[in-house]
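What follows is one structure encoded as structure tokens, with my remarks underneath.
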Number of protein chains: 2
Amino acid sequence: MLVEDTLAHTLAQRGYKLTQPRRAVLKVLAAAGATLTPAEIHRRARSHCLHTGLVTVYRTLDLLTACGAIRKVHHADGCHAYALASGGHAHHVICECCQSVVEFDNCDLGTLLAAVQRRTGYQISGHWLELFGLCPNCRP
Amino acid sequence: MLVEDTLAHTLAQRGYKLTQPRRAVLKVLAAAGATLTPAEIHRRARSHCLHTGLVTVYRTLDLLTACGAIRKVHHADGCHAYALASGGHAHHVICECCQSVVEFDNCDLGTLLAAVQRRTGYQISGHWLELFGLCPNCRP
DNA sequence: GCCCACATTGAAAACGGTTTTCAGTTAGGA
DNA sequence: TCCTAACTGAAAACCGTTTTCAATGTGGGC
Ligand SMILES: [Mn+2]
Ligand SMILES: [Mn+2]
Ligand SMILES: [Zn+2]
Ligand SMILES: [Zn+2]
């Protein structure tokens, strides 16, 4: 199934309406293999649905985040972007050059977490990991 | 040496002046074993130097960040806070209850990074890790 | 200790991303 | 097709952060 349809299904399944502006946002997210800011998503969405408002972009992103279909990533410069997330616990590797993003889920932090837990006394219940580097296309 | 003096020395060494408002910010950072938002730092700093402006708080945080003496942490709710950083590569464990924070530097991600690099083709050059949990004081 | 150049300060305004408001529109079940 | 609750977008509000600029304070030189 196409990524766009998967996203659409995710929303429909929970009783959300599939409006034109929402579909435009889904199309943009499905097509982009990179992290996108709300502003960029808005710019692209308008090529699919002319009068899509930025507000609707934010609302759709909130919806999809709540469903676990996308995830907010924090860039070093402070601005926030979104990337597709295929459900469940996972992390992203982001290309510092073109922002392309790949998800990975084999985050084997067990040993590390145990060591930190022992050394700090903190009972660790969650973690947050982002990797940065260069994608195959952007290597020198 | 006291943490406050270490911070003061860090600034003085680079030719920055040790003004009253700056000292107030250093005192707050040195005393807090937790992550603090700029607004909270501002609030506390005024008990040391009455007319400290929020602008000066931001400027001092920028200075200390550039020196590597503190680090910005990204909270899940989107708002940003600062924590002391003892120089060099390290990460933080943050208590989800009281925001207390402890630094750790034995981040042994070599195996994980190699695996991700092999599976994704990305040449990984940096990472960003935050751990969340409960500190000894906040455990049930 | 005093002076002075210049780094630093804070009030106010600007800024940019995000959220709220609200009257009009639309999807989709009956 | 009709109806209603969900949804939309323009505008304004909001909030954390940065810029501006005239006034002030620091610390080195004397
Ligand atoms: Mn952030
Ligand atoms: Mn590390
Ligand atoms: Zn790339
Ligand atoms: Zn705690």
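Here is the naming used below: chain letters follow the sequence lines, and residue numbers restart at 1 for every chain.
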Given atom [atom1] of [X] and atom [atom2] of [N], what is their separation to the nearest angstrom?
X	N	atom1	atom2	value
B/Leu63	C/dT9	CG	P	9 Å
B/His74	D/dG16	NE2	P	16 Å
A/Asp77	D/dT18	CG	P	12 Å
A/Arg59	D/dT8	CZ	P	7 Å
A/His80	D/dG16	NE2	P	14 Å
A/Tyr82	C/dG17	OH	C1'	11 Å
A/Glu40	C/dG17	CD	P	12 Å
A/Arg43	C/dG17	CZ	P	14 Å

Item to check | Side-chain (A/Arg22) to main-chain (A/Lys17) donor-acceptor, under 3.5 angstrom | outcome: yes
Checklist entry - Is a side-chain donor or acceptor of B/His127 paired with a backbone partner of A/Leu129 at a separation under 3.5 angstrom? => result no
Item to check | Close side-chain approach of A/Ile94 and A/Val73, heavy atoms under 4.5 Å | outcome: yes
Checklist entry - Given side chains that start at C-beta, do those of A/Glu130 and A/His92 come closer than 4.5 Å, heavy atoms only? => result no
Checklist entry - Is A/Val3 reachable from A/Leu36 through a run of hydrophobic residues whose side-chain heavy atoms are each under 4.5 Å from the next? => result yes
Item to check | Strand contacts (DNA chain C) in residues 3-31 of chain A, 4.0 angstrom heavy-atom criterion | outcome: A/Lys17, A/Leu18, A/Thr19, A/Gln20
Next on the checklist: Can you see whether A/Ser100 engages B/Tyr122 through a side-chain donor-acceptor pair at a distance of less than 3.5 angstrom?
Outcome noted: yes
Next on the checklist: Quiz question: by atom type and distance under 3.5 Å, do the side chains of B/His80 and B/His75 form a donor-acceptor pair?
Outcome noted: no
Checklist outcome for this item: Checking B/Leu18, B/Val28, B/Leu7 against B/Arg23 for side chain to side chain contact (heavy atoms under 4.5 Å, CB included), the one that qualifies is B/Leu18
Item to check | Given D/dA10, D/dT18, C/dG10, the nucleotide with the shortest approach to the side chain of B/Thr52 | outcome: C/dG10
Checklist entry - Aromatic rings A/Phe104 and A/His91: how do their planes relate, parallel, tilted or perpendicular, breaks at 30° and 60°? => result tilted
Next on the checklist: To the nearest 10°, give me the bend of the helix from C/dG1-D/dC30 to C/dA30-D/dT1, comparing the axes of its five terminal pairs at either end.
Outcome noted: 30°
Please list, pair by pair, any protein nitrogen or oxygen found under 3.5 Å from a nitrogen or oxygen in nucleotides 12-14 of chain D.
none

Checklist entry - Hey, which of these two, A/Thr56 or B/Tyr58, hits DNA chain D nearer its 5' end, going by closest nucleotide? => result A/Thr56
Checklist entry - Rounded to the nearest 0.5 Å, how far does CG of B/Leu54 lie from CZ of B/Arg43? => result 13.0 Å
Checklist entry - Distance from B/Arg118 atom CZ to B/Leu113 atom CG, nearest 0.5 Å? => result 12.0 Å
